[in-house]
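Remember, predicted model here, so these are calculated numbers, not experimental data. Throughout, a chain's letter reflects where its sequence line sits, starting with A, and its residues are numbered from 1.
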Amino acid sequence: MSEDTTTSKPQRQGFPKSSRLLTRADFEPVYRFRCKAGDGTLLVFALPNHRTSTRIGLSVSKKLGNAVVRNRLKRLLREAFRLTQFDLPTGLDLVLIPTAVDKASLVSYQQSLKRLSWKLDRRLQTPPPEPAT
RNA sequence: GGAGCAGGCCAGGCGGUCGCUGCGAGUUCGGGAAGCCGAAUUUCGGGGAGGAAAGUCCGGGCUCCACAGGGCGCGGUGGUGGGUAACGCCCACCGUCCGUGAGGAUAGGGAAAGUGCCACAGAAAACAAACCGCCGUAUGGGCUUGCCUGUGCGGUAAGGGUGAAAAGGUGCGGUAAGAGCGCACCGCGGUGCGGGUGACCGUGCUGGCAGGGUAAACCCCACCGGGAGCAAGACCAAGCAGGGGGAAUCGCGGCCGUUGGCAACAACAGCCGCGACGGAUCGGCCCGAUCCGUUCGACCUCCGGGUGUGUCGCUCGAGGUGAUGAGCGAUCAUCAUCCUAGAUAAAUGACCGCUCUCGACAAAACCCGGCUUAUCGGCCUGCUCCGCGU
RNA sequence: GGCUCCGUAGCCAAGUGGCUAAGGCAGUGGAUUGCAAAUCCACCAUCCCCGGUUCGAAUCCGGGCGGAGCCU
């Protein structure tokens with residue numbers, strides 16, 4: 001179901017600024033929508049953004065480590081999104097929050113990102129959006 | 001060969017693919033008469049974290065505020081000389097302590113200006129002191145008749161014991177026993193001479209000795225110190241509500257005007273000056289100074305509301321590298337040469353291959369100089385001690 | 001990024017440089033009771049860590065670690 005969006009163009013796996021959440025005004029609605037899913041390594045918030053693309057924002061707690069550790073987690077998450085962005089549902093704003101340091105790797109983040117985002121996408125599609133808005 | 005001391009340096013490398021950032025060029029679009037300006041970019045090129053970027057412990061630059069003055073306080077530093085923009089940093093030297101040594105450590109002014117404190121133990125802990133002991137003497141007792149012992153008075157700081165600390169240490173003489181009582185050496189105080197810019201060192205004479213510790217206790221002395229910090233600050237745009245509450249809410253004098261009045265004068269309004277009160281600033285307090293206010297209001301203060309976006313500040317600097325010269329050194333001078341991160345939900349990563357010593361601690365956020373703390377492994381230079389051989 | 005403050009038992013905390021570091025709540029053990037509650041007794045401390053000053057440090061000084069708060 002994700003193949004219909006990108007069939008003709010050669011997929012450039014870039015990661016420009018237009019696919020990131022940048023300001024507090026971008027982040028606050030995602031948190032307030034309270035639609036989230038997580039496994040042991042990653043926590044994902046989602047909100048439909050009425051665009052053709054999916055954007056992500058990152059939030060890394062200071063409890064996970066020093067600046068070097070936190071920067072590495074952010075780079076791994078960006079790389080995971082960059083490599084899997086055409087296998088993800090479209091039209092969402094996602095906030096990614098890593099919750100564990102020792103299990104962090106590119107492969108596990110790619111798998112978690114795909115599984116959790118599709119799970120959230122199904123939850124947003126199938127029921128009418130009756131929960132608290 | 002082993003053990004060690006001091007100083008300096010490196011912080012995996014190479015190649016390929018994808019991706020991020022900002023700079024330059026190109027292309028496209030828009031504006032303009034043009035130089036050019038703005039935007040986009042899935043085009044190209046080269047640049048892109050540290051020795052500690054960290055902790056925020058000191059010192060400066062820079063920015064805004066303040067910038068009559070005086071007194072009292074407050075904080076910091078503390079051997080001497082030098083270096084520096086400055087420092088609590090660095091260098092050299094001095095003293096003390098530690099180490100066989102190379103070397104290391106050092107908040108290292110004043111206790112003879114004053115105040116405070118010194119628990120427990122101990123006889124006594126500060127205008128110092130006699131518990132045990134030792135010695136002399138007076139007197140009593142015992143008996144083996146020259147010894148033992150009790151009490152009083154006096155002498156004594158050598159010995160015991162307490163303590164972190166008890167009137168300088170060792171030796172000889174001396175004495176009833178002792179004691180700087182005397183002498184020698186060491187220590188200490190005073191004084192002279194010599195050396196050194198100085199801290200201080202050496203030495204002569206002299207005094208038998210003054211005096212506990214603690215100033216990272218108060219304090220004294222000397223020197224230094226305005227406050228806040230790039231979330232400083234400036235500009236542009238957008239937007240909200242110049243919203244609500246509170247304290248204080250006078251007096252005298254002069255001038256002029258209006259009204260009333262024959263006039264004296266009275267009432268009202270305005271301006272000026274002085275005082276009082278209130279507020280702000282002068283880092284804290286007091287004096288004092290300046291400014292503002294005293295009835296729509298302004299200022300102050302409290303509670304709220306909006307924006308919390310863009311541009312500048314933002315990287316050429318007490319800068320790096322090299323050479324020469326001055327200096328023991330820290331460092332400085334001259335010349336040549338180079339431009340080497342400027343992000344803003346915040347840029348350096350992922351994958352593959354080869355290779356080595358198999359990679360630690362750790363991410364700029366205005367910029368520098370230091371200190372401190374973390375740190376795998378390795379390299380270089382100089383030096384010390386021990387053992388063996390020549 | 002900058003500024004300020006705080007660390008004492010599981011929790012709340014007092015503590016002029018000097019006794020075995022007060023006290024309350026909780027916990028454990030015991031006494032009391034027919035059994036409990038209440039009460040009484042006892043136990044429970046790396047004074048955040050490392051150095052220094054001092055005869056002696058929870059206290060004074062320096063460094064580190066951890067945790068809060070404020071500033072656009």
[N] pairs with which nucleotide, Watson-Crick or G-U wobble, both distances below 3.5 Å?
{"N": "G45(B)", "result": "C23(B)"}
{"N": "A14(C)", "result": "none"}
{"N": "C354(B)", "result": "G13(B)"}
{"N": "G204(B)", "result": "U191(B)"}
{"N": "A336(B)", "result": "U321(B)"}
{"N": "A289(B)", "result": "U281(B)"}
{"N": "G178(B)", "result": "none"}
{"N": "U151(B)", "result": "A138(B)"}

field: By side-chain hydrogen bond (donor to acceptor under 3.5 Å, both in side chains) - contacts of T54(A) (at least two apart)
entry: none
field: For S105(A), all residues meeting side-chain hydrogen bond (donor to acceptor under 3.5 Å, both in side chains), sequence neighbours excluded
entry: S108(A)
- line: On RNA chain B, more 5' by nearest nucleotide between R78(A) and V69(A) is R78(A)
query: On RNA chain B, nearest-nucleotide positions of E79(A) versus F15(A): which is more 5'?
result: F15(A)
message: Syn or anti for G239(B)? Use the chi torsion, O4'-C1'-N9-C4 for purines and O4'-C1'-N1-C2 for pyrimidines, with syn inside 90° of 0.
response: anti
message: Would U340(B) be called syn or anti here, given the cut-off of 90° from 0?
response: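 U340(B): syn.
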field: Short side-chain N/O contact from N66(A) to OP1 or OP2 of A54(B), under 4.0 Å
entry: no
Any [X] side-chain heavy atom under 4.5 Å of [Y] side chain:
{"X": "V69(A)", "Y": "V60(A)", "result": "no"}
{"X": "L92(A)", "Y": "L124(A)", "result": "yes"}
{"X": "C35(A)", "Y": "L120(A)", "result": "yes"}

Using atom [atom1] in both nucleotides, what's the gap between [N] and [M] to the nearest angstrom?
{"N": "A215(B)", "M": "A111(B)", "atom1": "P", "value": "12 Å"}
{"N": "G67(C)", "M": "U72(C)", "atom1": "P", "value": "25 Å"}
{"N": "G313(B)", "M": "G62(C)", "atom1": "C1'", "value": "38 Å"}
{"N": "U373(B)", "M": "C90(B)", "atom1": "P", "value": "13 Å"}
{"N": "G150(B)", "M": "A128(B)", "atom1": "C1'", "value": "33 Å"}
{"N": "G63(C)", "M": "U53(C)", "atom1": "C1'", "value": "15 Å"}
{"N": "C185(B)", "M": "C205(B)", "atom1": "P", "value": "10 Å"}
{"N": "C299(B)", "M": "U281(B)", "atom1": "C1'", "value": "13 Å"}

Roughly how many Å is it from [atom1] in [X] to [atom2] in [N], rounded to a whole number?
{"X": "L83(A)", "N": "C20(B)", "atom1": "CG", "atom2": "P", "value": "12 Å"}
{"X": "I56(A)", "N": "C20(B)", "atom1": "CD1", "atom2": "C1'", "value": "13 Å"}
{"X": "K74(A)", "N": "A343(B)", "atom1": "NZ", "atom2": "C1'", "value": "12 Å"}
{"X": "R70(A)", "N": "A345(B)", "atom1": "CZ", "atom2": "C1'", "value": "13 Å"}
{"X": "L106(A)", "N": "C351(B)", "atom1": "CG", "atom2": "C1'", "value": "9 Å"}
{"X": "K62(A)", "N": "C65(C)", "atom1": "NZ", "atom2": "C1'", "value": "14 Å"}
{"X": "R72(A)", "N": "U348(B)", "atom1": "CZ", "atom2": "C1'", "value": "12 Å"}
{"X": "L77(A)", "N": "A347(B)", "atom1": "CG", "atom2": "P", "value": "13 Å"}

Between the protein and nucleotides 47-49 of chain B, which nitrogen or oxygen pairs are less than 3.5 angstrom apart?
none

message: What's L22(A) touching, base or sugar-phosphate or nothing? Going by heavy atoms closer than 4.0 Å.
response: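 L22(A): base contact, heavy atoms under 4.0 Å.
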message: Just to be sure I understand the rule, does R20(A) reach a base, reach only the sugar-phosphate, or reach nothing, if contact means heavy atoms closer than 4.0 Å?
response: sugar-phosphate
- prompt: Does F27(A) stack onto the base of A345(B), taking stacking as ring centres under 5.5 Å apart and planes under 30° apart?
  reply: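 Yes.
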Partner set under side chain to side chain contact (heavy atoms under 4.5 Å, CB included) for R82(A), not counting sequence neighbours: Q13(A), F15(A), E79(A), Q85(A)
task: Applying side chain to side chain contact (heavy atoms under 4.5 Å, CB included), name anything that partners T84(A), two or more places apart in sequence or on another chain.
output: L88(A), Q110(A), L113(A), K114(A)
task: Would you mind telling me which of R115(A), Q111(A), K119(A) makes a side-chain hydrogen bond (donor to acceptor under 3.5 Å, both in side chains) with D39(A)?
output: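 Checked R115(A), Q111(A), K119(A) against D39(A); only one passes side-chain hydrogen bond (donor to acceptor under 3.5 Å, both in side chains): R115(A).
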message: For the aromatic rings, using the six-membered ring if either is Trp, is the centroid distance between F33(A) and F45(A) under 6.0 Å?
response: no
What does the list of N/O pairs under 3.5 Å between the protein and nucleotides 66-71 of chain C look like, with a distance for each?
none

message: Using a distance-only criterion (donor-acceptor N/O pair, under 3.5 Å, no hydrogens), is the base of C18(B) paired with the side chain of R82(A)?
response: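 Answer is yes: a donor-acceptor pair is held.
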task: Show your working on side chain to side chain contact (heavy atoms under 4.5 Å, CB included) between L77(A) and I56(A) and close with a plain yes or no.
output: CA-CA 10 Å; L77(A) 286 170; I56(A) 64 164; 5.9 Å; no
